[in-house]
Protein chains: 2
Amino acid sequence: MATIKDVAKRAGVSLSTVSRVLNGHPYVADELRSRVLDAIEALNYRPNRVAQRLRAARSHLVGVIFSDVKNPFYTLVLSGIEHILSEQGLSVLISNSNTNQDREDNFTALMLAEEVAGLIVAPVQEDSPVLAEVVQNGLPVAVIDRRMCGLSVDTVLADNQSGACMAIRHLIQLGHRRIAILNGPQRLTSGRERYAGFLQAMGEAGLDIDPGLVWYGDYQMESGYTLTRELLRLPQPPTALFVANNLMTIGVLNAIHEAGCNIPEDLAVIGFDDVPWAVSLNPPLTTVAQPSFEIGVRAARLLLDRIAAPDRPACTTVLQTRLMVRASCGAAGRRHKTQQSERR
Amino acid sequence: MATIKDVAKRAGVSLSTVSRVLNGHPYVADELRSRVLDAIEALNYRPNRVAQRLRAARSHLVGVIFSDVKNPFYTLVLSGIEHILSEQGLSVLISNSNTNQDREDNFTALMLAEEVAGLIVAPVQEDSPVLAEVVQNGLPVAVIDRRMCGLSVDTVLADNQSGACMAIRHLIQLGHRRIAILNGPQRLTSGRERYAGFLQAMGEAGLDIDPGLVWYGDYQMESGYTLTRELLRLPQPPTALFVANNLMTIGVLNAIHEAGCNIPEDLAVIGFDDVPWAVSLNPPLTTVAQPSFEIGVRAARLLLDRIAAPDRPACTTVLQTRLMVRASCGAAGRRHKTQQSERR
DNA sequence: ATGCGATCTGAAAACGTTTTCATATATTAT
DNA sequence: ATAATATATGAAAACGTTTTCAGATCGCAT
């Protein structure tokens, strides 16, 4: 690999001059500049980012810590983030906390050790001393999908409560009264807010909450599967089920199908977070769609913004959700033929 | 952030001594060692990886370049990679070429500039001068999911031909004769190998290939959708369709459902690459499953291995696929109740 | 002629590590 | 006692950049 030294030697100038043309500084004579440019070309020189970062504290890396890379939601968020950051020549250092606080803490420290320009994180729980310290120390941070408590930091997420509320209202409107909820973890604001939406809609309709129909999962497929198997064995099962995320919904559907139940006749299902294959499920799944890609885009922009203006007050962006009405709650009469084109 | 200098000062020793205890060198007196350790603890010191990388050419970063992060296949591969690498204290710098050779080349250069310890890449096409040069220069590289031509590099992929062959045999066995294929791009070995499997099975059965039933997509949902719409309008449509990847399959199913066709009565469908929600599709989708996670694991191991032994000859690992028989080809009589537990 | 900005350029310091080299002390063998 | 080794430590160089500092050259007004 050629270094700046090689370039300088070949162009017959000093290191400083090479560095100056590299960084577009003024006061470089045209002749030298072109000699340097030629040398760079000839040697196929690319500046070493590690050295740049060490010296200049100018970093081209942004750290991303997700709680579960396997979730298609985060994959889309990542696309959004990358879309914006790569425009600015920034790249992404990604890691997966796997909903483990220790891993999250380690990765956070690692991001610091890598001198990232900023951090985008979906935290494992709502208070994190490690993250708090990092923010305090002035590292630009954007939090996605959930809120931190007692920490003033840029945040972007979907309107979980109103999304969940929409979902439950939809069920109620279709005549459902015994409505079960498969909640996410209540240590996360997303879990609590979706539950709050459930309570809100039930309250509006004057429906009592049956504690036996309030279940808690962990946002993974497996918990959707096992809890649904139990749910189906209830002496007096619900007529509808609201599932608080996409991964659990997959498990839920698999369990229902395995049990030979019919959706929506035996049990209506509505899921939080849309997926592209929802139309082709049996039956097409009604969901609350989050603008996942857009969440990534906003988070990245917010981060860039903060890197540029570190002292601006923190802000929270809440994006609206959309109800995607399909057949799994009994809304559309016919099974498949009815949908509009929904390939995107 | 505390530096090694601060630690040295606080412990009353030289930089070298601190570095030595940090790296577990012999010949450090117990007393000094514990003083240093105390200082590290007290200052909450973490070595700066950027400086480490610059000086020691010892890197804790591995670059990963995928051609499409949104594909759940790669997400699983990534989990496998991360699983192995994080055991070794290595982290992953990820980027997304989006099936664009220029982007792939840029990212490759960037990985070099970041001084990664190695590179895992799903290349956009089978010959890449940039990648070839990098390999020649001795950077450890592992290629996944497709082969490079004329480049001796560690590779790990699924047995595409035998997988596709299995799929077609299955269709033939169920009585299908007019079998269509929605191929992947033929510039990729995965595309060609899956096509070869199709040809092989058709040949074995003595069936002619109808050129009008050989279609080409780009491994994206959209192409599956649009091409299927055309396919369904054929004067003499096929009775079965083999789709060469998971994303296209989603588009295919969406188009079929939108058209109001029944699977498998009007058209049988079999997909390459299994997905967790296959059981809950309408009808449950028969697929050829690749060991995605395992591909990631193997690639990571191969890379570690090469980092340790740079001169070992290159090797290619081909992993077996599995036929997941469900209802979408007419195999299982009943629709849903029949499956075993398939949640994982 | 002299002084003074403006325009250029290179030497050297700095970033935070690791590693080489030199040196000092303690231990063992002659 | 002396030499030879093993153990322990610090000073300084090195990694590849950017940036500060000090000069050098030039044009131009005094």
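All values below come from the heavy atoms of this structure, side chains included, with hydrogens, waters and symmetry mates left out.
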How would you list, by chain and number, every residue that makes a side chain to side chain donor-acceptor pair (under 3.5 Å) with Q125(B), sequence neighbours excluded?
-> Q101(B)
Could you pull out all residues at least two apart from V135(B) that satisfy side chain to side chain contact (heavy atoms under 4.5 Å, CB included)?
-> V141(B), L151(B), V153(B)
Side chain to side chain donor-acceptor pair (under 3.5 Å) filter on E31(A), not counting sequence neighbours, yields R35(A)
Salt bridge flag under 4.0 Å for residues E114(B) and R53(A) = yes
Rounding to the nearest 10°, end axes of the helix from dA1(C)-dT30(D) to dT30(C)-dA1(D) built from five pairs each make an angle of 60°
Please name all residues satisfying side chain to side chain donor-acceptor pair (under 3.5 Å) with R147(A), sequence neighbours left out, ordered by chain then number.
-> E193(A)
Evaluate the side-chain proximity of I295(B) to S292(B): yes if any heavy-atom separation is below 4.5 Å, no if none is.
-> no
What pairs with R20(A) under salt bridge (Lys or Arg N to Asp or Glu O under 4.0 Å), at least two apart in sequence or on another chain?
-> none
Under a 4.0 Å heavy-atom cutoff, the residues of residues 13-33 of chain B touching DNA chain D are V13(B), S14(B), S16(B), T17(B), R20(B), Y27(B), V28(B), A29(B), L32(B)
So, with a heavy-atom separation below 4.0 Å from DNA chain C, the residues of residues 35-52 of chain A are none
Heavy atoms only: give me the nearest N96(A)-F107(A) pair and the separation to one decimal.
-> O-CE1, 3.4 Å
Send over the distance from I4(A) CD1 to dA11(C) P, rounded to a whole Å.
-> 14 Å
Residues in side chain to side chain donor-acceptor pair (under 3.5 Å) with S190(A), at least two apart?
-> Y219(A)
Partners of E104(B) by salt bridge (Lys or Arg N to Asp or Glu O under 4.0 Å), sequence neighbours excluded?
-> none
Reading DNA chain D 5' to 3', which nucleotide is the first, and which the last, to come under 4.0 Å of any heavy atom in chain B?
-> dT7(D) to dG16(D)
Sequence neighbours excluded, every pair satisfying side-chain hydrogen bond (donor to acceptor under 3.5 Å, both in side chains) that has a member inside residues 297-307 of chain A | D154(A)-R306(A), E294(A)-R298(A), D305(A)-R312(A)
Would you find more than 12 non-hydrogen atoms of other residues, nucleotides or ligands less than 6.0 Å from N137(A) atom CG?
-> yes
